[in-house]
Novice: 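Below is a structure I'd like to ask you about.
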2 protein chains.
Amino acid sequence: MATIQGVAELAGVSTATVSRALAGKSTVSAATRQKVEDAARELGYVASATASSLASGRTRNVGFVLPVLGSWYYGSVLKGANRALADAGYDITLYHLEDTDRHPERRKRLFAEFLQRKRVDAFIAVSVELTDAELARIHDLRKPMVGVGGPLPGVTTLSLDDVAVASLATSHLTSLGHRRIGFVGGEEGDNLDFQLPRHRREGYEAALAEAGIEPDPRLLAVADFTIQGGYEATKQLLGDPRAHPTAIFAISDETAIGAILAARDLGIRVPDDLSVIGIDGHELGEFFELTTVDQHPVEQGRLAAQALLAELRPDKAATPIAVDLPYELKVRRSTAVPPARQRD
Amino acid sequence: MATIQGVAELAGVSTATVSRALAGKSTVSAATRQKVEDAARELGYVASATASSLASGRTRNVGFVLPVLGSWYYGSVLKGANRALADAGYDITLYHLEDTDRHPERRKRLFAEFLQRKRVDAFIAVSVELTDAELARIHDLRKPMVGVGGPLPGVTTLSLDDVAVASLATSHLTSLGHRRIGFVGGEEGDNLDFQLPRHRREGYEAALAEAGIEPDPRLLAVADFTIQGGYEATKQLLGDPRAHPTAIFAISDETAIGAILAARDLGIRVPDDLSVIGIDGHELGEFFELTTVDQHPVEQGRLAAQALLAELRPDKAATPIAVDLPYELKVRRSTAVPPARQRD
DNA sequence: CTGAAAGCGCTTACAG
DNA sequence: CTGAAAGCGCTTACAG
């Protein structure tokens, strides 16, 4: 493997000049630059990331911290971030933040060892929730950091305005004439950190209020973000003769898909008898013809990378800010006007 | 941030001794080791990966090359590999191999620049298909490499015995008494590299032959690996009055889920009127009560990491080998005996 | 615009 | 068992 030394000899210049020429520094004459580039190409030379990092203090590598591997959402954010960072010459090193309950040792070691190795210049953290001690360790690193949708005090965070998103989804239903709108999602217990379910319910209630609709506790069903969870909760909701919703706002697209499948199993037609809307823009949404509020996760990753790259530029002072992520109502076949008998 | 120098001073030894003590080298006295460990803990010292790599030639970092980000399968393999590698002290740097058609520049740059940076000691490549030129560049790197399920000449590869897996799935159906078994998957055109569809069809036909069943071309439907693809192909198959299968073997679990949904839409009950089996062990399989041959992707990642770690040990000579990955028939509710009228 | 030289923070023969 | 010293392959003030 060629080293900078080899390139310097072939080009007939010093290693300092090779370094400057290849880094695109402006203080190199065009002729010299050409000689160096030719030599580098001939030898197939690419600077060793390791040596370059040690000498410059910059690794050109970003740590990507995420709590889940193998899900559509995180993978999509990762894809968007990876593209933007790769285009800027950065690699991504993965830090899988395992669950404290299930893998306490792995999680501990992540903070005590892996994150401390100075392998990266900065971090992107997606939907990450940390204890105070963990957050303190992160801050001790003194590296730029951008969060996506997680509560990270003191960190620039891009997040969805969950209240607004839920309100938009619910308003879509009220504007179609629905007045009995079920909320499938909901919170169980009081999780101070994970406020997403509460925010989405607040948006739901705000939209109802705006349409002059009294909230009805019989229309609330607790569900998680999975198809299974949405299926079970919706079966409860639709099976209860006192509830009779004409529409359902589900907290996620997978929850909404579960709701659609539950309706089918009960002989309830979507959207003729029941409208269903979700939130996400999940890849499965198209197949199920699901109306949704798309949060564009790939784009979220790109925006996070962009914000981080801005912080990484020398001139920029890192002031933690909160940025609202874009979203978009996508109307598909799963929502329609309420059935005629309900409109009477 | 503490350096090895700081630890050495606090412990009252040389930096060489600190390095040896923390690396667990046996040539350090217990007392000295204790002093060093105490000092390191007090200062929160963790060796810089960058400096350590440059000095030792080992990065303790593995490159993970994959063609798809955001899918359940790749994410699961990544999870398994990441756990095993992290437990051995390794980080993972991601290399997303973009499509040649859609992102030729990104792909080119991956081989010309990112992979050449010597950031990693070795590679894991999942379902990766390379041109000869790309493969040559990879081999030029002279780094250990393990493939999972992709055709990589000259590389140790773990893969599923696709013929055997498909034969097992089909035999499950014949053993239940099915004789008219549809194959939803199939190949279109002749892709020399991507042999998986052909292998699975061979297994299907072998199992039919073993049961003394004549293959019927009307029972073949071309579909990709998606729910949508399985849905459309199955609708064609079930809609054709000449085909009348009592069971379907789908090339993947998502294809099989599409098949189940297509059957439902046509009023065909699963498993009463139609049995369906897939291959994968997909997370959605449980919800749809899908019988499948589970290929345990998380375990695949773990096995790949394990094989790579073995090659990374100094004593081990790297001889490319092919290893069969484990799989397991998981019988759920989607398969049953054929309907009575068919058994007459 | 270019080069000689120091230095980044470690590891590891070598010597004792 | 331990230390002094060289060296890994770059980058970057400093000087010219």
Side-chain angles (χ1 to χ4, degrees), chain A residues 1-37 39-40 43-61 89 91 113 116-121 141-142 312 314, chain B residues 1-37 39-40 43-61 89 91 113 116-121 141 314:
Chain A
M1 289 281 110
T3 68
I4 198 173
Q5 187 67 39
V7 179
E9 282 165 16
L10 184 58
V13 297
S14 72
T15 58
T17 297
V18 173
S19 176
R20 281 187 288 245
L22 262 24
K25 292 269 199 302
S26 53
T27 66
V28 179
S29 76
T32 306
R33 184 186 305 279
Q34 192 60 54
K35 272 192 304 184
V36 171
E37 281 172 359
L43 298 175
Y45 171 77
V46 174
S48 149
T50 280
S52 172
S53 301
L54 184 59
S56 70
R58 280 170 275 108
T59 63
R60 295 236 144 208
N61 193 13
D91 286 319
E113 184 181 344
Q116 311 289 330
R117 287 181 173 172
K118 308 184 182 63
R119 211 189 266 292
V120 300
D121 293 331
L141 262 23
R142 310 209 167 286
L312 247 18
Chain B
M1 288 284 111
T3 69
I4 199 172
Q5 187 68 37
V7 179
E9 282 166 17
L10 184 58
V13 297
S14 71
T15 58
T17 298
V18 173
S19 177
R20 282 187 287 247
L22 263 23
K25 293 270 199 302
S26 54
T27 66
V28 179
S29 77
T32 305
R33 183 185 307 279
Q34 192 61 53
K35 272 193 303 183
V36 171
E37 282 172 358
L43 297 175
Y45 171 76
V46 174
S48 149
T50 280
S52 171
S53 301
L54 184 57
S56 71
R58 279 170 275 106
T59 64
R60 296 236 141 209
N61 193 15
D91 286 319
E113 184 180 344
Q116 310 289 330
R117 288 181 171 172
K118 308 183 183 64
R119 211 190 266 293
V120 301
D121 293 332
L141 261 23

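Lettering of chains follows the sequences in order, A, B, ..., and the numbering in each one begins at 1. As a basis for the values below, the full set of heavy atoms in this structure was taken, side chains included, without hydrogen atoms, waters or symmetry mates.
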Novice: So, is S56(B) close to the dT11(C) phosphate, meaning a side-chain N or O under 4.0 Å from OP1 or OP2?
Specialist: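 Indeed not, no polar side-chain atom of S56(B) lies that close.
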
Novice: Rounding to a whole Å, what distance do you find between R117(A):CZ and dC10(C):C1'?
Specialist: 14 Å

Novice: Both distances below 3.5 Å, Watson-Crick or wobble geometry, any strand: find the nucleotide opposite dA4(C).
Specialist: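 Here dA4(C) is not engaged in any pair, so there is no nucleotide opposite it.
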
Novice: Quick one: is S19(B) getting a side-chain N or O under 4.0 Å of the dT11(C) phosphate, OP1 or OP2?
Specialist: yes

Novice: Locate the shortest heavy-atom distance separating L54(B) from A51(A); write the atom from each residue and the value.
Specialist: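 Closest pair (atom of L54(B), atom of A51(A), distance): CD1-CB, 3.8 Å.
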
Novice: Side chains of S14(B) and T17(B) only: does a donor on one sit below 3.5 Å from an acceptor on the other?
Specialist: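 On atom types as modelled, these side chains qualify, holding a pair under 3.5 Å.
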
Novice: To the nearest angstrom, how far is L54(B) atom CG from dC10(D) atom P?
Specialist: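 L54(B) atom CG is separated from dC10(D) atom P by 9 Å.
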
Novice: To the side chain of A55(A), which of dT2(D), dC8(C), dT11(C) is closest?
Specialist: dC8(C)

Novice: Would you say T15(B) reaches dC10(C)'s phosphate, i.e. side-chain N/O to OP1/OP2 under 4.0 Å?
Specialist: no

Novice: If I take atom CD in residue E9(A) and atom C1' in nucleotide dG3(C), what distance separates them, rounded to the nearest angstrom?
Specialist: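 So the two atoms are 15 Å apart, to the nearest Å.
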
Novice: List the atom of V13(B), the atom of V36(B), and the distance in Å for their closest heavy-atom pair.
Specialist: CG2-CG2, 4.0 Å

Novice: Determine the contact category for T32(B): base if any of its heavy atoms lies under 4.0 Å from a base atom, sugar-phosphate if only primed atoms, P, OP1 or OP2 are that close, otherwise nothing.
Specialist: sugar-phosphate

Novice: Write down the distance between CG (L43(B)) and C1' (dG9(C)), rounded to a whole number of angstrom.
Specialist: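 After rounding, the reported distance stands at 15 Å.
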
Novice: What heavy-atom pair brings V46(B) and K118(A) nearest, and what distance separates the two atoms?
Specialist: O-NZ, 3.9 Å

Novice: What's T27(B) touching, base or sugar-phosphate or nothing? Going by heavy atoms closer than 4.0 Å.
Specialist: base

Novice: Could you tell me which nucleotide pairs with dA13(C) by Watson-Crick or G-U wobble geometry, both distances under 3.5 Å, or answer none if nothing does?
Specialist: none

Novice: If you measure from the P atom in dT2(C) to the same atom in dA6(C), how many Å do you get, rounded?
Specialist: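 Looking at atom P only, dT2(C) and dA6(C) are 23 Å apart.
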
Novice: Quick check for you: among dC10(D), dT2(D), dC10(C), whose closest atom lies nearest to any side-chain atom of T3(B)?
Specialist: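 The nucleotide sitting nearest to the side chain is dC10(C).
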
Novice: Please report the closest heavy-atom contact between N61(B) and R119(B), naming both atoms and the distance.
Specialist: ND2-O, 3.3 Å

Novice: Starting at the 5' end of DNA chain C and moving along, which residue's nearest nucleotide shows up first, Y45(B) or R20(B)?
Specialist: Y45(B)

Novice: Given atom CD1 of I4(B) and atom P of dT11(C), what is their separation to the nearest angstrom?
Specialist: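 After rounding, the gap between these two atoms is 5 Å.
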
Novice: Quick check on dC10(C): is either OP1 or OP2 less than 4.0 Å from any side-chain nitrogen or oxygen of S52(B)?
Specialist: no

Novice: Rounding to an integer number of Å, can you tell me how far Q5(A) CD sits from dC10(D) P?
Specialist: 9 Å

Novice: dT2(D), OP1 or OP2 - any side-chain N/O from S29(B) closer than 4.0 Å?
Specialist: yes

Novice: Starting at the 5' end of DNA chain D and moving along, which residue's nearest nucleotide shows up first, G12(B) or A51(B)?
Specialist: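 That would be G12(B).
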
Novice: Identify the two heavy atoms, one from Q5(B) and one from T15(B), that lie closest to each other, and give their separation to 0.1 Å.
Specialist: OE1-CG2, 3.7 Å

Novice: How many Å lie between CG on L22(A) and P on dC10(D), as a whole number?
Specialist: 10 Å

Novice: What does R58(B) touch in the nucleic acid at a heavy-atom separation under 4.0 angstrom: a base, only the sugar-phosphate, or nothing?
Specialist: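 R58(B): backbone/sugar contact only, no base atoms under 4.0 Å.
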
Novice: In whole Å, what is the span from the NZ atom of K35(A) to the P atom of dC1(C)?
Specialist: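 Rounding to the nearest Å, NZ of K35(A) and P of dC1(C) are 14 Å apart.
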
